[in-house]
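What follows is one structure encoded as structure tokens, with my remarks underneath.
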Number of protein chains: 2
Amino acid sequence: MSWSGHQGHAGRRGYHHGNLREALVEAALALIAEKGPAGFTIAEAARLAGVSPAAPYRHFRDAEALLAEVAQRGFELLESALAAAWHDGRPEPVAAFEALGRAYLGFARSEPAHYAAMFETRLAADAWPPLAAAADRAFGVLRGAAERLAEVLPKEQRPPALMIALHVWALSHGIATLFCRPDRGRRPLPMPPEELLEAGVLLYLQSLGLAGGTPRGHKSPP
Amino acid sequence: MSWSGHQGHAGRRGYHHGNLREALVEAALALIAEKGPAGFTIAEAARLAGVSPAAPYRHFRDAEALLAEVAQRGFELLESALAAAWHDGRPEPVAAFEALGRAYLGFARSEPAHYAAMFETRLAADAWPPLAAAADRAFGVLRGAAERLAEVLPKEQRPPALMIALHVWALSHGIATLFCRPDRGRRPLPMPPEELLEAGVLLYLQSLGLAGGTPRGHKSPP
DNA sequence: CAGCTCATGTGAGACTGTCTTACATCACGG
DNA sequence: CCGTGATGTAAGACAGTCTCACATGAGCTG
């Protein structure tokens with residue numbers, strides 16, 4: 001017999017692959033991790049999955065659709081990672097907020113293929129509504145955390161939480177893209193990216209009166 | 001005659017193009033602006049320049065080399081723009097520093113093709129030394145400005161200027177990539193990107209004691 | 001269990017792009 | 001006036017995208 005039955009383990013079960021869609025997403029991740037989003041091709045993903053070059057088109061309209069799927073899953077993973085780190089502000093909001101920042105960089109570092117699909121691919125937001133929704137949910141974690149942080153101040157002198165979230169997101173994303181790359185960003189840093197981010201966020205929050213510490217009395221490393 | 005002499009205006013002067021290298025860079029910029037770095041192809045750049053698909057390879061080893069050239073010119077333009085905005089800290093360092101930030105966003109907005117070639121192409125720094133050098137010079141403007149800013153503080157409580165420069169660069173780059181895109185980043189902002197950056201930098205500098213204003217007594221917009 | 005039907009995969013192919021090789025043209029200098 | 005090197009062309013090998021007609025077989029229905 002040319003096919004081998006219904007065993008459940010990975011691999012083809014004859015003419016049909018069995019789980020080609022998942023296999024293609026995995027292959028795309030591997031290729032993006034290795035060569036960047038531009039180096040990924042449908043043909044090579046099909047080769048990795050062991051099917052003909054035309055097979056992927058049964059599951060994805062074109063290469064962009066596959067990238068969008070990867071990006072969407074990336075935002076869902078990021079949302080989980082951020083929510084776990086924030087942990088609803090426990091045990092202490094400022095510490096949890098710093099953990100959230102570290103989680104962002106950790107995600108960029110540990111999931112470079114997802115991160116690249118999310119931010120280096122020019123996917124039009126309105127062409128992929130589920131992707132945009134997933135991105136919004138991930139940002140929502142950060143926004144919610146900023147709102148909670150701001151609540152320690154009396155309402156009339158409370159800074160807009162959305163602004164805080166945007167500032168912290170931009171700083172985190174900037175550090176991630178500029179300094180958390182295996183290939184690029186080989187600029188020698190005086191400190192690891194996580195510490196750079198933590199210091200920046202802390203200084204920013206101090207200025208808003210949201211974090212303790214003396215705004216001017218920092219230690220100056222040699 | 002099939003060729004038309006030595007007139008200096010643009011266009012071919014017979015068999016030889018006359019200025020193909022420049023024409024290819026221009027074509028690349030136009031294509032990147034229209035379709036992103038991934039949409040740019042050597043073949044179409046050649047078509048725009050009016051030469052055969054093989055001609056560009058006389059001037060650039062491959063597509064990546066042409067992109068590297070565009071990116072390098074981008075960093076040189078950015079350096080000029082930043083230096084002009086900083087204006088050696090005149091008339092007043094903090095105001096000049098804010099102008100520098102606005103210039104960064106202005107560059108990202110007015111030169112999207114250059115910006116994309118600089119930051120969306122995964123060019124390996126060590127494969128293109130002149131590119132890396134140009135990037136260093138551009139960052140050097142920011143670093144020099146941060147050093148000058150820090151000098152207002154007594155030496156023992158002076159924060160490391162490199163850290164300041166890295167923070168501000170990351171924040172600027174994050175805002176530029178997330179919110180200054182024609183296509184992506186259609187997230188509705190409560191304020192224009194320039195104001196977002198200015199507010200972030202100001203708060204950050206206040207915390208370091210480098211900008212005036214009361215660190216806590218800000219106005220909170222509704 | 002027979003047979004239908006549809007999701008899924010294949011093979012072939014048109015089209016486009018990359019990059020190489022051999023050749024053509026022309027500018028420039030002796 | 002001719003040689004030489006820089007620059008462009010023509011042709012082509014190779015790879016990738018995507019489509020279309022066709023093949024397969026999984027699962028449903030009777």
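By convention in this document, chain letters (A, B, ...) are assigned in the order of the sequence lines, proteins followed by strands, and residues within each chain are numbered from 1.
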Between CZ of A:F40 and C1' of D:dT17 the distance, given in whole Å, is 11 Å
**Asked** Do the ring planes of B:W169 and B:F139 sit parallel (below 30°), tilted (30 to 60°) or perpendicular (above 60°)?
**Response** tilted
Rounded to whole Å, the CG-C1' distance (B:L24 to C:dG17) equals 16 Å
task = Indicate yes or no: does B:R137 engage B:E79 in a salt bridge with an N to O separation below 4.0 Å.
result = yes
In numerical order, the residues of residues 54-68 of chain B whose heavy atoms come under 4.0 Å of DNA chain C are B:A54, B:Y57, B:R58, B:D62, B:A63
When rounded to whole Å, the NE2 to P distance for the pair B:H17 and D:dT7 reads 13 Å
- Message: Looking at B:R61, I want to see if its CZ is surrounded by more than 12 non-hydrogen atoms of other residues, nucleotides or ligands under 6.0 Å.
- Response: no
Describe the nucleic acid contact of A:R21 in one word from base, sugar-phosphate, nothing, applying a heavy-atom distance below 4.0 Å.
-> nothing
Between A:F119 and A:F75, does the ring centre distance come in under 6.0 Å?
yes
Here the distance between atom C1' of C:dC26 and atom CG of B:L20, to the nearest Å, is 15 Å
Whole-Å distance, A:L48 CG to D:dG16 P, equals 11 Å
Discussion item. Under 4.0 Å between a side-chain nitrogen and a carboxylate oxygen: does that hold for B:E34 and A:R122?
Written reply: no
Considering only heavy side-chain atoms of A:H16, the closest of C:dT18, D:dT24, D:dG16 is D:dT24
Applying ring-ring contact (aromatic ring centres under 6.0 Å, His included) to B:H167 and not counting sequence neighbours gives B:Y204
